[in-house]
Amino acid sequence: MALNPELKKMVSAAKNKYSGGSGKTVKPKDGRNTYRILAPTSAQASWVPASGQYWADLGVHWIKADKNGKPLVVVGDCDTVYQQPSPLNTAIEMAIASAHDEDSKELYNEWKAKKSVLLCAVDFSGNLDEVVPLELTGTTFGKVADLINVYDDAGKDITDPLTGVNIIITKTGKGLNTKYDVMVDPAPAKPLSADILTRTPDLHGFIAQNFFRGEEQKALNCIAQIAGIAVPALTGPSGPAGVRTPTAALASSAASVAGASVDNSAAIAAEAARKAAAEQAAAAQAAAAAQQAAPVEDPLAAKRAEILRRQQEAEAELAALSAEPAPAAAAATPAAGISSLPVSEQDAILAELDNLV
């Protein structure tokens, strides 16, 4: 699908804006990289919560019109970062489901959030008195955390700026074959500045400033235009009346893309389907309860009643065919009534009664 002129302008404008990513995190380069991981406490850094978590999860959507092109919009994933429902994730799944060919599907899958972890660290290839946000893959962070735990079990804090040790992350391979090996630097570590933990960057503020800049609606509009779908409406924080509306930044003209369609019909339909399913489930449950509460009919009694009904019908039919009244038969006992039937039917009825006794 060809881009419309307005979207093409956005592609051109984004060429330089996002060409180097955020440009503010440090990532391991090819080969060996030496870092000192720092773990500030809430007393040393106001951005660290009371739980003591000194790292931050990051998820970023890179919305491109072409797999090898520059991104139109770079925006954070609120599901990964803030554990909140993400309209972008919903829109991306809708685009993938509507893809007409494998190339489009592959492009739309590229829009999914790229996840990583941010840590405070000193990069030994730069200024040793500066703390930078170190960005690691989830797997690499797991290896670093494992080292920290192993040394902690032995009574040593490798993140201590004075007595800690450095770690080496070695990057090899390319693309999907990229590999990160993590080990402790065997060389003696030099102490860092005593106050360095008070100068760590606010990782949460860094994420908000660089990846949540009010471009969520623009990202939704790009998805709608490129994939040719109507995406779910973006809602902002709840207002006094409980109505969720887009913020001023998201409703501005800068967040618009010509030809994009944004509506909330999908959300309305989903809610209606949910209510209908709930009603059907309630009805089925009520029916099951009623069936369980109903008395169980005795099959033997029902069989006896059926035999007597057939006997009475036969007697009535014989009485109608008889020209002469039969008072004696009327006064007869139920057993005598059987004798008025043909011998074959008498035998059949008596045999059934004998089986039921």
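- Under a hydrophobic clustering in which Ile, Leu, Val, Met, Phe, Trp and Tyr are joined whenever their side-chain heavy atoms come within less than 4.5 Å, directly or via other members, F206 and I37 fall into different clusters.
- Linking ILVMFWY side-chain heavy atoms closer than 4.5 Å, directly or via other members, places V231 and V73 in a single hydrophobic cluster.
- Ion pair E130/R199 not flagged as a salt bridge, since none of the NZ, NE, NH1 or NH2 atoms sits closer than 4.0 Å to an Asp/Glu carboxylate oxygen.
- Between P201 and W47 there is no side-chain heavy-atom pair separated by less than 4.5 Å.
- Once rounded to the nearest 0.5 Å, the distance linking SG of C78 with CD of Q84 reads 6.0 Å.
- Smallest separation of non-hydrogen atoms from S42 and P49: CB-O, 3.7 Å.
- Side-chain contact check for T25 versus L118: some heavy-atom pair is nearer than 4.5 Å.
- For Q217 and N221, the side-chain atoms include at least one donor-acceptor pair closer than 3.5 Å.
- Side-chain contact between L203 and C120: present, with at least one pair of heavy atoms (C-beta onward) separated by less than 4.5 Å.
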Test D185 against T34 for side-chain hydrogen bond (donor to acceptor under 3.5 Å, both in side chains), laying out the working first. CA-CA 8 Å; D185 188 351; T34 304; 4.5 Å; no
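- At most 12 non-hydrogen atoms from other residues, nucleotides or ligands lie less than 6.0 angstrom from NZ of K105.
- Of all the heavy atoms in V117 and G138, the pair that sits closest is CG2-CA, 4.4 Å.
- Counting all heavy atoms, side chain and backbone alike, V81 lies closest to G59 at CG2-N, 3.8 Å.
- Between E106 and K67 there is a salt bridge, with a side-chain nitrogen of the basic residue lying less than 4.0 Å from a carboxylate oxygen of the acidic one.
- Counting only N and O atoms by type, the side chains of T90 and E93 include no donor and acceptor under 3.5 Å apart.
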Under the criterion side-chain contact (heavy atoms from CB on, under 4.5 Å), I'd like the reasoning laid out for E135 against L58: C-alpha separation, chi angles, the key distance, then a yes or no. CA-CA 9 Å; E135 184 174 354; L58 175 61; 4.1 Å; yes
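- Put simply, the side chain of K24 never gets that close to the backbone of P133: no donor and acceptor are under 3.5 Å apart.
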Y35 vs N166, side-chain contact (heavy atoms from CB on, under 4.5 Å): CA-CA, chis, key distance, verdict: CA-CA 6 Å; Y35 307 105; N166 303 326; over 6 Å; no
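- Note on ring orientation: taking the six-membered ring where Trp is involved, the planes of W55 and F141 are tilted (angle from 30° to 60°).
- Looking only at side-chain heavy atoms (C-beta outward), D77 and V60 stay at 4.5 Å or farther from each other.
- The shortest distance between side-chain heavy atoms of L107 and D66 does not fall below 4.5 Å.
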Can V48 and T41 be said to form a side-chain contact (heavy atoms from CB on, under 4.5 Å), step by step? CA-CA 6 Å; V48 176; T41 65; 5.7 Å; no
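- Of the possible polar contacts, one joining the S86 side chain to the N89 backbone as a donor-acceptor pair under 3.5 Å is found.
- Two residues are said to be in side-chain contact when any heavy atoms from C-beta on lie closer than 4.5 Å; L197 and L38 meet this criterion.
- Without hydrogens or angle criteria, R213 side chain to A208 main chain gives no donor-acceptor distance under 3.5 Å.
- Taking 4.5 Å as the limit, every side-chain heavy atom of V132 sits out of range of all side-chain heavy atoms of V122.
- Between the side chains of D57 and T80, no donor-acceptor pair of N or O atoms lies under 3.5 Å.
- Judged purely by distance below 3.5 Å, without hydrogens or angles, the side chains of T198 and D195 never pair a donor atom with an acceptor atom.
- Using a 4.5 Å cut-off on side-chain heavy atoms (C-beta onward), K218 and V75 make no contact.
- A pairwise comparison of heavy atoms in L220 and P87 identifies CD2-O, 3.9 Å as the closest pair.
- Although no hydrogens or angles enter the test, the distance criterion places no donor-acceptor pair under 3.5 Å between the side chain of D146 and the main chain of G142.
- Here NZ of K27 is found 7.0 Å from OG of S116. Values are rounded to the nearest 0.5 Å.
- Distance CG/L128 to CG/D123: 8.5 Å, rounded to 0.5 Å.
- Side-chain atoms of W62 do not come within 3.5 Å of backbone N or O of W111 as any donor-acceptor pair.
- In this structure, F212 CZ and Y82 OH are separated by 5.0 Å, a value rounded to the nearest 0.5 Å.
- Atom CG of L192 sits about 4.5 Å away from atom CZ of R36, to the nearest 0.5 Å.
- The shortest heavy-atom contact between V165 and A189 is CA-CB, 3.9 Å.
- Placement of V131 and F124 within a single hydrophobic cluster is found when ILVMFWY residues are connected by side-chain heavy-atom separations under 4.5 Å, directly or transitively.
- Linking Ile, Leu, Val, Met, Phe, Trp and Tyr whenever their side-chain heavy atoms come within less than 4.5 Å puts V184 and L119 in one cluster.
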For residues 167-179, run the donor-acceptor check on the side chains, cut-off 3.5 Å, and write out each pair with its distance to 0.1 Å, sequence neighbours left out.
| residue | atom | partner | partner atom | Å |
| --- | --- | --- | --- | --- |
| K174 | NZ | D30 | OD2 | 3.0 |
| T178 | OG1 | G175 | N | 3.2 |
| T178 | OG1 | G175 | O | 2.8 |

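- Atoms CD1 and CG, from I63 and L88 in turn, are 6.5 Å apart once rounded to the nearest 0.5 Å.
- Formation of a donor-acceptor pair under 3.5 Å by the K114 side chain with backbone atoms of E110 is found in this model.
- Using modelled atom types, no side-chain atom of D152 and backbone atom of I148 make a donor-acceptor pair closer than 3.5 Å.
- Closest non-hydrogen pair, I92 versus Y108, comes out as CG2-O, 3.6 Å.
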